[in-house]
2 protein chains.
Amino acid sequence: MTMVCNDPARFTEDMLVGFLDANARYVVGVPGGVVRAHKTRPGKVAVVIGGGSGHYPAFCGTVGPGFADGAVVGNVFTSPSAEEAASVARAAHSDAGVLLTTGNYAGDVMNFNLAVSQLRSEGIDARYFAVTDDVASAPRGQESKRRGIAGDFTVFKCAGAAAEEGLDLAGVVRVAEAANAATRTLGVAFDGCTLPGAAKPLFTVPPGQMGVGLGIHGEPGIAEEAMPTAAGLAATLVDGVLGDRPDTDERRIAVILNGLGRTKYEELFVLWGEVARRLRERGYDIVEPEVGELVTSLDMAGCSLTVMWLDDELERYWTAPADTPAYRKGVSALAAPSGEVRDPHEIGSDSATTDIADRADDEGREGGRVVLRALTAMADMLAGAETELGRIDAVAGDGDHGRGMVKGSAAARDAAGSAAEAGAGQGSVLTAAGKAWAAKAGGTSGVLWGALLTALGERLGDTGTPDATTVAAGIRAGYDALTQLGGAAPGDKTMLDALLPFVEALEHRAAEGDSWIQAWRIAADAATGGARSTAGMRPKVGRARPLAERSVGTPDAGATSLAMCAQTVADCFTYITQGDG
Amino acid sequence: MTMVCNDPARFTEDMLVGFLDANARYVVGVPGGVVRAHKTRPGKVAVVIGGGSGHYPAFCGTVGPGFADGAVVGNVFTSPSAEEAASVARAAHSDAGVLLTTGNYAGDVMNFNLAVSQLRSEGIDARYFAVTDDVASAPRGQESKRRGIAGDFTVFKCAGAAAEEGLDLAGVVRVAEAANAATRTLGVAFDGCTLPGAAKPLFTVPPGQMGVGLGIHGEPGIAEEAMPTAAGLAATLVDGVLGDRPDTDERRIAVILNGLGRTKYEELFVLWGEVARRLRERGYDIVEPEVGELVTSLDMAGCSLTVMWLDDELERYWTAPADTPAYRKGVSALAAPSGEVRDPHEIGSDSATTDIADRADDEGREGGRVVLRALTAMADMLAGAETELGRIDAVAGDGDHGRGMVKGSAAARDAAGSAAEAGAGQGSVLTAAGKAWAAKAGGTSGVLWGALLTALGERLGDTGTPDATTVAAGIRAGYDALTQLGGAAPGDKTMLDALLPFVEALEHRAAEGDSWIQAWRIAADAATGGARSTAGMRPKVGRARPLAERSVGTPDAGATSLAMCAQTVADCFTYITQGDG
């Protein structure tokens with residue numbers, strides 16, 4: 001799925017051209033990779049990181065003050081050559097030596113060691129270090145055989161900060177070793193990635209499965225498991241990493257929850273909530289966690305959890321400022337926030353239903369229970385129709401209609417239930433339902449349905465049993481509220497095109513003397529006809545020339561769901577009547 | 001492909017829990033969304049942004065000093081409710097009023113306008129503004145009907161910076177309006193995204209096609225086109241955006257090349273190189289461009305180009321510092337770089353082939369041409385075998401073997417061609433080829449093949465025609481170099497398992513008096529047998545318990561390609577001999 005490229009054989013070179021252009025404030029290109037735009041200051045050890053590309057922001061995205069001095073940039077998933085590594089190291093070197101460091105892969109180890117030999121032969125004090133954080137790639141006791149994955153980031157960060165602080169080469173190497181010894185990562189993959197220009201993915205994970213410990217280039221892992229929930233995944237990752245805890249009693253940890261490319265930020269945050277809770281339950285104190293994409297694998301789906309057990313020195317390097325193209329940390333030039341620190345609140349504190357029972361009489365309370373049954377039937381129906389409504393909406397809208405209707409109708413049902421239980425009449429039950437629908441569903445349909453139910457409720461009141469004329473007047477009030485809110489007119493292919501025939505039929509049958517239950521059945525059919533008439537719609541927002549195959553024959557989702565609700569309520573009334581009769 | 005979740009119906013709530021936990025330094029939760037961890041200072045306008053979620057870092061990822069004061073967080077791709085918008089605005093408000101701003105979507109417009117009415121009824125000075133940057137969603141002259149997409153970022157950034165600077169509410173609204181009027185975006189999509197818990201994508205784009213102007217929720221676009229090269233895509237985006245240039249002569253522009261989620265950083269940089277060149281050719285001066293993921297659509301594949309034409313005021317706000325969970329800009333606490341600014345170099349300056357012709361005699365030069373033919377045949381063969389070798393390598397390795405061999409053999413052929421043309425003998429041609437292979441291919445195979453060719457070349461020398469014994473001794477020297485470099489032994493299921501039978505057969509046939517061409521043919525068959533023996537391999541790096549179906553019956557890629565090269569060279573020699581005979 002790596003699709004944007006010119007000549008695949010020149011992908012890395014083309015990538016570097018754009019990277020350097022966009023980040024000219026930070027970096028300049030040299031043969032083999034990139035170095036900081038400012039020369040390394042005398043007395044400072046240069047830290048040169050690297051490996052194959054395809055892992056951005058690793059590795060060139062973290063070249064800058066507080067982090068690396070240079071990055072060697074190999075082809076996608078391929079070690080750079082020894083000559084390239086030596087070239088970047090030479091450019092980054094000032095007078096205090098250079099640490100070259102990569103993840104532990106055979107090609108990197110060979111080429112970077114050859115580069116070190118070459119640099120030493122030129123009189124440059126050079127050292128090499130390979131990161132080995134991936135617990136899945138070799139068992140305990142064979143740590144030195146492990147691959148380097150997202151732990152590259154903690155090790156490179158600490159080594160870079162140590163060099164920035166002024167440690168000599170032996171000191172920077174010691175910090176890299178200590179960071180590596182304290183770092184453990186476990187990764188999972190849900191789907192493979194595609195090399196530039198390739199017709200097929202590099203590897204695949206069977207649908208619904210997860211590869212545990214799969215390497216960032218698709219190398220074999222430990223096991224394949226059924227895709228778990230976020231909670232289950234958090235348990236796998238936390239147990240896997242903590243189960244390989246280094247020999248330390250430290251309770252302060254740096255943590256990275258790293259996305260591999262296609263597993264996006266929202267998913268990572270869902271997972272982080274579960275991971276953080278588990279880590280704290282195990283007694284850990286999480287220091288400045290990173291949740292995002294730090295070491296990717298093109299567009300691979302998956303993620304990894306990295307923990308670095310901190311001592312005072314590692315914590316200082318982990319939290320030190322950095323200023324690089326893709327990773328910036330530390331106080332900015334902004335004035336320190338002058339406002340008072342807030343008390344964190346909980347999300348989503350709901351206001352309770354107020355006492356509205358006194359306004360209702362017995363008939364009104366019976367009406368409230370009828371409304372609750374109708375809203376319950378609607379919520380049930382919509383829960384089953386979510387996917388279909390989403391599909392219809394996706395033709396011309398953003399596909400959120402099904403989800404919104406389910407959320408809204410469920411919230412309306414719950415609020416109606418509380419109100420009815422508190423003894424509210426039909427009007428207050430409807431008003432409570434409308435308010436809850438608007439508040440919980442959001443979106444266009446949420447605010448419109450909220451207004452519709454509220455207007456109807458206000459018209460029906462809490463006493464007596466409304467007749468057909470009153471119900472029709474209530475729906476008419478709702479219709480008026482909608483036209484005012486939404487700014488649409490009949491014929492605009494919106495829910496109004498179902499609602500207008502509905503209210504007109506209701507008014508007509510009421511004038512003819514039908515009961516409201518009879519009138520509602522006929523009006524529901526009119527609404528269904530009105531919804532059908534929205535087929536062949538134009539997109540709500542868009543040019544006059546939409547993509548042809550997306551707009552033919554599909555009715556508007558809002559009109560469709562309104563008609564479906566009208567029918568469901570008609571069925572519910574019929575059932576009630578038959579049950580009563 | 002949104003896979004990590006618990007209850008899909010609670011995805012946004014779960015996401016917020018993790019987001020707030022990971023970014024507690026920046027934000028706290030309030031009903032309906034998030035606000036900065038520090039209260040808004042007296043006299044400062046609050047800027048509250050928002051819309052549906054699924055677009056991270058938009059919108060909650062940009063709450064912090066220099067940017068937004070709060071973000072209303074709706075469900076995925078769904079407007080938050082009016083109550084939620086009012087709740088966040090109330091929490092963010094200090095005493096100088098609040099600007100609520102979203103992209104121009106019907107649900108957002110309705111709910112946020114209702115929130116503004118509610119806030120005003122409570123005595124809070126509130127305004128609403130909708131961003132309309134998407135040129136694909138309505139034609140010129142109907143700009144107010146356009147959707148808001150990645151231009152949300154430029155408008156919110158400028159409004160946030162203006163509020164930070166101390167402008168009053170009317171002033172902040174004026175800046176938002178000016179930024180919006182100066183901003184144009186065109187987006188393209190290559191593939192759809194999947195809502196949390198959904199079984200199918202929200203929409204799809206046919207393979208090999210690109211939806212031009214497709215909305216960030218999958219709303220219809222302008223046209224569907226065949227997927228272009230990066231250069232073609234850059235032309236489409238630049239032409240589309242500049243073709244809708246606002247009425248201004250400004251030549252300074254802020255630019256965002258925004259990834260939608262699955263189109264990764266490396267691809268965006270490839271594209272940026274093309275985009276930046278075209279913008280400069282059109283006379284534009286690019287100010288602090290952003291290339292990355294700023295307004296995503298879950299894991300949608302695609303990208304968009306945003307241009308904001310700058311005047312002095314907008315440029316000041318665009319370049320102002322900001323410090324938020326996902327976007328940080330401005331000088332950090334790090335000491336200003338003390339080193340000298342480097343002269344930017346060009347990438348990949350190659351050293352020319354040195355004059356090595358004098359060492360060769362006529363026979364050696366003829367040998368150099370034979371080597372060139374053999375290397376050319378190898379490069380041709382490998383170019384055709386790239387995909388298959390990548391596939392084999394992906395079973396136990398990282399799938400880069402085919403690409404590495406193609407790059408290396410092509411570089412070797414080119415270097416050999418230059419050397420042979422310069423009159424070099426077989427030894428120098430091989431040495432030049434080996435050096436080029438290692439330098440250009442990178443990876444494990446690059447350094448090993450480089451060492452093999454170099455060792456062979458050093459043994460063959462540049463004079464006379466080598467006999468079978470000399471060739472065998474040269475390959476043996478290469479074998480020794482490889483064992484020393486790679487640390488592997490025969491039986492470790494590496495290319496040595498093909499190379500050892502090859503050199504042993506070569507030595508044996510040479511001792512028996514065969515010509516080196518005869519000997520090579522037999523040795524190539526031995527190499528092929530050796531390569532086959534690597535099937536059933538264990539992964540090179542990994543646990544003793546690999547994924548079963550990935551490791552059975554597939555030979556090592558390095559051994560396979562070595563045997564294929566040996567066979568190709570044998571065929572080439574046979575052809576030469578027959579041609580000569």
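Letters A, B, ... mirror the listed sequences (proteins, then strands); counts begin at 1.
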Stepwise side-chain contact (heavy atoms from CB on, under 4.5 Å) check, A/V76 with B/R403 = CA-CA 9 Å; A/V76 174; B/R403 175 54 52 90; over 6 Å; no
Evaluation steps, side-chain contact (heavy atoms from CB on, under 4.5 Å), between B/M110 and A/L448 = CA-CA 9 Å; B/M110 259 187 273; A/L448 294 175; 3.8 Å; yes
Would B/N23 and A/W272 count as a side-chain contact (heavy atoms from CB on, under 4.5 Å) if you check the C-alpha gap in whole Å, the side-chain angles of each, and the deciding distance to 0.1 Å?
-> CA-CA 11 Å; B/N23 294 287; A/W272 175 253; over 6 Å; no
Give the C-alpha distance, both sets of side-chain angles, the deciding distance and a yes or no for side-chain contact (heavy atoms from CB on, under 4.5 Å) between B/D299 and A/D299.
-> CA-CA 9 Å; B/D299 70 329; A/D299 70 329; over 6 Å; no
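The two atoms that bring B/N75 and A/A441 nearest to each other are ND2-O, 4.0 Å, heavy atoms only. Heavy-atom minimum distance, B/V4 versus A/E267: N-OE1, 3.0 Å. Contact detail for A/A438 and B/S81: the closest heavy-atom pair is O-CB, 2.7 Å. Here the closest heavy-atom approach between residue B/E83 and residue A/A439 is recorded as OE1-CB, 3.6 Å. Considering all non-hydrogen atoms of both residues, A/Y265 and B/T296 come closest at CE1-CG2, 4.4 Å.
Considering only heavy-atom pairs separated by less than 4.5 Å from chain B, the leading option among A/T387, A/T263, A/D14, A/V406 is A/D14. In terms of non-hydrogen atom pairs under 4.5 Å with chain A, the most contact-rich of B/R262, B/R391, B/R328, B/M15 is B/R262. For the set A/P42, A/P80, A/G446, the count of heavy-atom pairs under 4.5 angstrom toward chain B peaks at A/P80. For chain B, the option among A/M210, A/E293, A/E290 with the highest count of heavy-atom pairs below 4.5 Å is A/E293. Taking chain B as the reference chain and counting heavy-atom pairs below 4.5 Å, the highest number among A/G215, A/G54, A/P289, A/G74 is found for A/G54. Ranked by heavy-atom pairs under 4.5 Å with chain B, the list A/A9, A/G273, A/A22 is led by A/A22. Of the listed residues (A/V291, A/T444, A/L114, A/L233), the one with the most heavy-atom contacts under 4.5 Å to chain B is A/T444. With chain A as the partner, the residue from B/V35, B/I216, B/L268, B/L271 showing the most heavy-atom pairs under 4.5 Å is B/V35.
B/E266 contributes a side-chain N or O that, together with a main-chain N or O of A/Y56, makes up a donor-acceptor pair within less than 3.5 Å. Listed for the B/N6 side chain is no donor-acceptor partner under 3.5 Å among the backbone atoms of A/T229. Between the side chain of A/K264 and the backbone N or O of B/T2 there is no donor-acceptor pair closer than 3.5 Å.
In this structure, chain B has a heavy atom under 4.5 Å from the side chain of A/R25, while its backbone stays farther away. Heavy-atom distances place both the backbone and the side chain of A/P8 under 4.5 Å from chain B.
Under the rule for a salt bridge (charged side-chain N to carboxylate O under 4.0 Å, His left out), the partners of B/E274 that lie at least two apart in sequence or sit in another chain are B/R277, B/R278.
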